[in-house]
Structures are given as C-alpha cells and as structure tokens.
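Some notes on the structure that comes next.
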Number of protein chains: 2
Amino acid sequence: MRATIFYGPGDVRVADRPEPTVLDPTDVVVEVTAGCVCGSDLWDYRGVRPTAKPRHIGHELVGVVTDAGREVKTLGIGDFVIAPFDLSCGHCQACRHSFYSACDQVTFVGGTDRQGRVVDGGQGERARLPFADPSLVKVPGPIDPELIPSLLTLSDVFPTGHHAAVSAGVGPDTTVVVVGDGAVGLCAVLASARLGAPRIIAMSRHADRAALAREFGATDIVAERGAEGIAAVRDLLGGDLADTALECVGTDLAMEQALGSVRGGGRVGFVGVPAGGSQVPIGTLFSRNITIGGGMAPARRYIPELLEDVLAGTVNPGMVFTQTFALDDIAAAYEAMSNRSAIKSLVLP
Amino acid sequence: MRATIFYGPGDVRVADRPEPTVLDPTDVVVEVTAGCVCGSDLWDYRGVRPTAKPRHIGHELVGVVTDAGREVKTLGIGDFVIAPFDLSCGHCQACRHSFYSACDQVTFVGGTDRQGRVVDGGQGERARLPFADPSLVKVPGPIDPELIPSLLTLSDVFPTGHHAAVSAGVGPDTTVVVVGDGAVGLCAVLASARLGAPRIIAMSRHADRAALAREFGATDIVAERGAEGIAAVRDLLGGDLADTALECVGTDLAMEQALGSVRGGGRVGFVGVPAGGSQVPIGTLFSRNITIGGGMAPARRYIPELLEDVLAGTVNPGMVFTQTFALDDIAAAYEAMSNRSAIKSLVLP
C-alpha cells in the first residue's frame with residue numbers, strides 16, 4: 001500500500017509499504033477515508049524536534065474497518081470509525097480515570113507499538129490500529145460525506161482544543177484568552193464557545209485565522225504580543241485580566257503570553273506540544289496562584305459528546321481544513337501548512 | 001519596643017526598634033500576643049535565599065488592637081485578631097476572586113509596604129499592620145489561652161496546608177501523598193483529613209513528625225524517597241499511584257517526588273516557597289496530564305472556616321508548636337527549628 005514517510009526535515013514522500021494486517025487479537029485494520037497534517041507534524045518537518053527517520057507520519061484518521069482481531073468485540077468489518085491519535089489500553093489506572101493520553105501503554109497512530117512494531121499512520125491508504133475496542137469510536141452510518149472533515153477533527157484537534165478549555169475550567173462564568181491561531185487554537189475557541197464562555201479573546205495576526213476564530217465564537221481578536229498583548233487584553237476587559245488562558249502552541253513565548261494574560265488565581269489550560277524542552281516558571285505560579293493543567297488530550301474521552309454536536313450540525317470544526325490534497329501531493333500538503341497558506345491540510349488517499 | 005532583626009545567615013537578635021504607630025488611615029497597631037518562626041524564615045537563616053539585611057523578620061502573629069486608623073471600620077481597640085501573613089487591599093481583581101495572596105498590593109507582615117515603610121514582624125512586641133479591614137480576622141472574646149497556639153497557626157501554616165489540599169482538589173474520593181513533614185506538611189495532612197480524604201500517606205523520616213502526622217489523620221507513613229518512595233506508595237495503594245500530592249517543601253526534589261507520586265491525570269497542590277528558582281518540567285505535566293496549582297496561600301480566605309473548627313475544638317493544629325521561647329531567646333527558637341529539635345517554635349514577647 002501507499003503511505004507517507006518522513007525522510008527528514010522538509011522531505012515527506014509517499015512510498016510503497018507493507019500491507020497492514022492484524023498482528024494482535026485486539027487490532028483492527030482500517031481503510032483510511034481521510035487523514036490530515038497536524039501542526040505538531042511541522043515540528044518534525046521544520047527540524048525543530050529531533051526524530052527518528054525515515055518513519056511513518058500522520059496521527060489523525062477516520063476510516064472503515066476491513067479486518068478485526070478475534071478479541072475485538074465492539075467493532076466489525078464495514079464500521080466507520082474515528083481513531084483518536086492516542087490509542088490506549090482501557091484498563092490501567094490512568095485509563096480508569098479517563099486520562100487515556102496518560103495510559104501506561106499509550107500508543108500513537110503513525111508510531112510504533114510497545115513491541116516496536118509499526119502502527120501505520122493516517123497519511124496513507126490503510127492502517128493497523130492496536131487497542132481497537134477501548135480506543136476507536138464507531139459512527140453510525142450512513143456517513144454524510146460533507147461531515148467527513150468535522151469527523152476527522154475528532155481524531156485530534158477538536159478534542160485537543162476542548163481539553164485546553166476543560167483543563168482551564170472554561171464555562172459560562174469565565175473570560176478566555178486563546179494563545180495560538182492554528183487549528184488547535186481555533187478549536188479551543190470553538191470549544192470555549194460551546195462551553196458557554198461569554199468573552200473569548202483570540203490572539204491572531206492572520207486575517208484568515210482571525211475570521212475563522214470569529215466564526216467559531218471569538219468575541220475579540222488581539223494581534224499584539226507580549227506586554228502589548230496583555231495590555232490589549234486589559235483594555236478589552238475593562239482593566240482586568242482574563243480568568244483563563246489556553247496555550248495552544250507549545251513554545252515558551254506562548255506559555256509566557258498565557259500566564260501573563262490571566263488574573264491572580266487564574267487558570268491556564270495548555271495543549272501545545274512542548275517544543276525544545278520548555279519549562280513553567282514556578283515562581284510565577286507561586287506568587288500569582290495560577291493553576292496549570294492540560295497536556296496531551298485524552299481524545300477518546302471527549303469524542304462521544306463532541307460527535308453528538310458534529311452529527312447534530314451545531315458545530316462545524318471541519319472548517320479548519322482550508323485545503324484538500326491527494327495523498328500523492330503530500331509534500332504540498334505539508335508545505336501549505338508550513339507557509340501558512342492553509343490553516344490545516346486534509347489528505348485523501 | 002523590642003523586635004527581632006535578621007542580621008544575616010545564622011544571626012537573628014532582638015533589638016530596640018521605633019514604636020509602631022498608625023501611618024495610614026487603614027492601619028492598625030497590635031500588641032503581639034504570640035508569634036512564631038516559619039520554615040520559610042529558615043531559607044534566610046540558612047543563607048539559602050539571598051535577602052536584604054538587616055531587616056525585620058517573622059510574618060505570623062496574633063494580637064490585640066491598640067490603635068486604629070480613622071478609616072478602619074470593622075476592628076476596634078481591644079479586639080483580638082489573627083493577622084494573615086499576606087495583607088491585601090481587598091478590592092483588586094485577585095482580591096475580588098478571593099486570591100488575596102496575588103493582590104496587586106500584597107504586603108507581608110515583617111516586610112515593607114508599597115511606600116517602602118517598615119511593616120513590623122510577628123517576632124516582636126508590637127506591629128503596625130496595613131490593610132486592616134480586608135485582612136485581619138477578629139476572634140470573639142474571651143480568648144481561651146489554651147487556644148492561642150492553634151489560633152496562631154491560622155496566620156499561615158494551617159491555611160497554607162489547607163491551600164495545598166484545596167488546590168489539589170482533595171476530598172472524600174481522593175488519595176493523598178503529602179511531601180514534607182514540617183509544620184505546613186503536617187497541617188496539609190490535617191487539612192486533608194478535615195476534607196475527608198480516605199487515605200493520607202505522609203512522607204516522613206522523623207519519628208516525632210510521623211507521630212504527629214498520624215495524630216493529624218495520616219493513615220500511612222513512608223520514609224523512603226525518590227523511586228523507592230514512589231514504589232512504597234504503590235505498595236500501599238495496591239499498585240496504584242495517588243490521585244493527589246501536596247508539595248510542602250519548596251525544593252526541586254520535593255516537586256519531583258510529588259509529581260512522581262500521582263497517577264496520570266492527577267493533581268499536585270504546591271505551597272512550598274520555591275527556593276533556588278526551581279522549575280516545573282512541562283514535559284512531565286504534558287505527557288502525564290498532571291495539573292499543578294497552589295502557591296502562596298490566600299490565608300484570609302480560609303481563616304473564617306478553619307477558625308470555626310479551631311474554636312469548636314474539632315482540630316488542634318497548634319500541636320505543631322513543640323517548643324515555646326521568650327522573645328529574648330529568639331536565636332534559640334531559630335536554632336531549634338534549624339536542627340529539627342522543634343517542629344515549630346512559638347515565640348512569646
């Protein structure tokens with residue numbers, strides 16, 4: 001089959017790969033309906049994060065089950081499924097508390113399993129996916145093709161934006177600043193609006209992203225950064241800072257912006273994949289009583305409730321996909337995101 | 001009047017100081033009934049934390065109001081008051097949200113005010129205290145002398161331990177590991193028991209402190225540290241880690257112990273004053289979905305509810321005072337805490 005391989009910074013190509021098969025009795029194989037490129041894939045693409053190469057890449061997908069191991073109970077051939085990017089065992093302590101992303105055996109789509117065997121990625125034709133029962137979510141058919149982009153966001157970016165908001169305690173009584181205007185930041189805006197936040201300030205300096213942020217529920221846009229950005233937040237909130245901030249980038253600067261945007265006793269939800277070993281300054285947390293939580297999203301926990309809204313048409317997170325590419329054009333799909341001509345690239349095998 | 005002055009590491013002495021008077025219309029002057037030495041004073045005493053010197057020291061006190069500025073409305077001469085260590089304006093955004101410790105004008109007992117004028121400490125005969133109305137809590141008389149030690153803990157250590165527990169979300173459904181067996185850690189044990197935690201593991205390797213931890217409600221004591229300490233926690237919890245951990249020391253090692261003691265998706269409440277610019281490793285928070293919150297305690301917020309229990313006799317946090325010193329013996333009061341012969345030193349002027 002054909003699948004995307006990451007050869008090194010700036011070099012992603014489609015190659016012929018072994019056909020995926022069920023290896024463990026709890027595996028399924030899926031035919032990928034749609035995959036996409038994630039902002040965190042760009043850390044590799046741009047050479048910011050050292051990574052093994054060459055290797056499979058792409059951790060988001062929706063698809064149709066074509067084979068299932070003998071212990072798989074809840075899924076059958078022909079089922080349309082959403083694969084959370086983080087597959088989990090379902091029975092360790094973290095899983096029992098619904099923190100699937102902190103599973104003792106967490107396994108990433110497009111990575112390798114605990115035995116070191118390839119788990120195929122979402123930027124390809126087919127994929128073997130371990131821990132099928134506790135991880136994948138079946139969508140009742142028939143599937144409206146128009147919903148595919150929004151269903152695909154449930155694989156990662158929408159639950160991840162939602163996790164930032166949940167971790168910060170966003171609700172009807174909280175003002176929110178969202179740092180980061182990529183697909184995750186935009187989904188954090190959407191999630192905050194869905195949770196009832198009355199005031200959502202999106203930090204964006206790109207017209208297309210700011211427009212989508214407004215579409216998703218942002219009440220205000222701030223283009224400034226650093227101290228000027230914080231001053232702009234104060235201006236919008238009558239001299240106050242925000243109750244919560246959502247860090248959706250993964251850099252020290254973004255974390256600093258988030259910490260500086262919240263009031264004493266405020267909360268920061270962070271989901272940006274930390275690039276370059278960033279640290280949280282404990283002195284700031286101590287003196288300003290800021291709580292910080294979040295991290296890698298337990299996507300599986302949130303998919304059912306978010307799926308309900310996607311199927312009802314009350315949210316349309318698929319709007320983050322502003323360009324669509326054939327699998328053979330994967331290099332262009334990466335480049336479009338890297339040069340910001342696309343907010344997020346959809347990839348059709 | 002006589003008050004303690006910190007001259008440098010290992011050198012605290014009582015000296016003659018100017019008599020405190022009302023300087024601002026919102027000040028009161030109190031006659032100190034009792035003060036004490038805090039674990040965080042030892043950072044200075046041991047030279048761990050650089051500090052201006054010579055200067056007043058001692059941020060905990062209970063006393064009787066002897067003079068009040070003309071704008072003070074809720075307190076009068078003769079009132080017995082508890083002074084939270086962190087005095088606050090009462091009307092800034094942080095104060096409006098009850099995070100008094102993050103007040104824009106937070107002012108410490110034993111420090112200086114925003115105009116650079118001395119705020120007398122608790123290790124002396126009398127003290128001028130700013131922001132009296134929003135900060136001090138009056139205790140209805142007559143005061144039972146036996147309750148003085150417990151009332152004095154409401155100035156800092158009991159609300160601080162309580163803040164660690166509240167910040168970690170301790171309750172009837174959470175197991176707790178308490179890192180640190182000083183007065184704050186012991187009060188965190190007491191607070192956790194008061195909040196209904198069913199399993200409280202105190203990390204202690206000192207017999208006197210471990211005994212008091214048990215008295216305060218610890219169900220288990222772990223003497224090991226590092227990976228062995230974490231293994232001991234797992235042994236006690238049937239292979240699991242704790243839902244929450246309370247960091248009550250302020251060192252990197254203690255933070256590491258707390259982070260390593262909680263399950264994926266767990267919460268760390270931290271109140272140890274960070275010594276030496278410690279940092280929180282964001283990669284650990286990210287991959288294990290650990291939430292961290294706490295910091296300097298908004299003591300004023302918690303005093304009324306904790307006071308109720310002290311007056312009712314259902315808690316006896318004053319047991320942390322294992323030795324009592326006259327003001328003139330202040331050097332011995334410090335040395336007893338520094339060499340661990342006292343858990344906490346009470347000082348009577």
Side-chain angles (χ1 to χ4, degrees), chain A residues 86 88 92-104 106 163 167-169 234 237-243 247 250 252 255 262-298 301, chain B residues 86 88 92-104 106 163 167-169 234 237-243 247 250 252 255 262-298 301:
Chain A
D86 41 0
S88 52
C92 71
Q93 189 184 13
C95 283
R96 291 198 311 272
H97 285 87
S98 307
F99 281 91
Y100 304 109
S101 44
C103 169
D104 285 348
V106 67
H163 188 51
S167 300
R234 280 198 190 274
L237 299 180
D240 282 349
L241 289 169
D243 299 307
E247 193 286 306
D252 281 347
M255 182 60 83
V262 296
R263 62 168 168 81
R267 295 172 65 105
V268 170
F270 86 107
V271 293
V273 181
S278 59
Q279 300 265 331
V280 181
I282 197 169
T284 302
L285 303 188
F286 185 84
S287 62
R288 302 195 58 232
N289 257 262
I290 296 171
T291 295
I292 177 165
M296 195 159 59
R301 186 206 310 185
Chain B
D86 41 0
S88 51
C92 71
Q93 189 185 12
C95 283
R96 291 197 313 272
H97 285 87
S98 307
F99 281 90
Y100 303 110
S101 43
C103 169
D104 286 347
V106 66
H163 188 51
S167 300
R234 280 198 190 274
L237 299 180
D240 283 348
L241 289 168
D243 300 306
E247 193 287 305
D252 281 346
M255 182 60 82
V262 296
R263 62 168 168 82
R267 297 172 63 104
V268 170
F270 86 106
V271 293
V273 181
S278 60
Q279 301 265 328
V280 181
I282 196 169
T284 303
L285 302 189
F286 185 83
S287 62
R288 304 196 57 232
N289 256 263
I290 295 171
T291 296
I292 177 166
M296 194 160 60
R301 186 207 307 186

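Chain A is the first sequence line, chain B the second, and so forth, proteins listed ahead of strands; every chain is numbered from 1.
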In terms of heavy-atom proximity below 4.5 Å to chain B, should A/Asp243 be classed as side chain, backbone, both, or neither?
side chain

Using only atom types and a distance under 3.5 Å, with no angle test, would you say the side chain of B/Asn289 pairs donor to acceptor with the backbone of A/Met296?
yes

Taking side chain to side chain contact (heavy atoms under 4.5 Å, CB included) as the test, write out the residues that go with A/Asp104, two or more places apart.
A/Cys92

Contacts of B/Arg288 meeting side chain to side chain contact (heavy atoms under 4.5 Å, CB included) (sequence neighbours excluded), chain-then-number -> B/Leu241, B/Thr284, B/Ile290

Atom group of A/Ser101 that falls short of 4.5 Å from chain B, counting heavy atoms:
both

Residue A/Phe99 versus chain B: region with a heavy atom under 4.5 Å:
side chain

Best-contacting candidate, A/Gly293, A/Gly265, A/Gly269, A/Ala94, against chain B by heavy atom pairs under 4.5 angstrom
A/Gly265

Picking from A/Arg96, A/Arg263, A/Arg267, A/His163, which has the most non-hydrogen pairs under 4.5 angstrom with chain B?
A/Arg263

Heavy-atom nearest pair, A/Gly264 first then B/Ala102, reads CA-CB, 3.7 Å

Which heavy atom of B/Phe286 sits nearest a heavy atom of A/Val271, and at what distance?
CE1-O, 3.5 Å

Side chains of A/Ile292 and B/Thr291: does their closest heavy-atom pair fall under 4.5 Å?
no

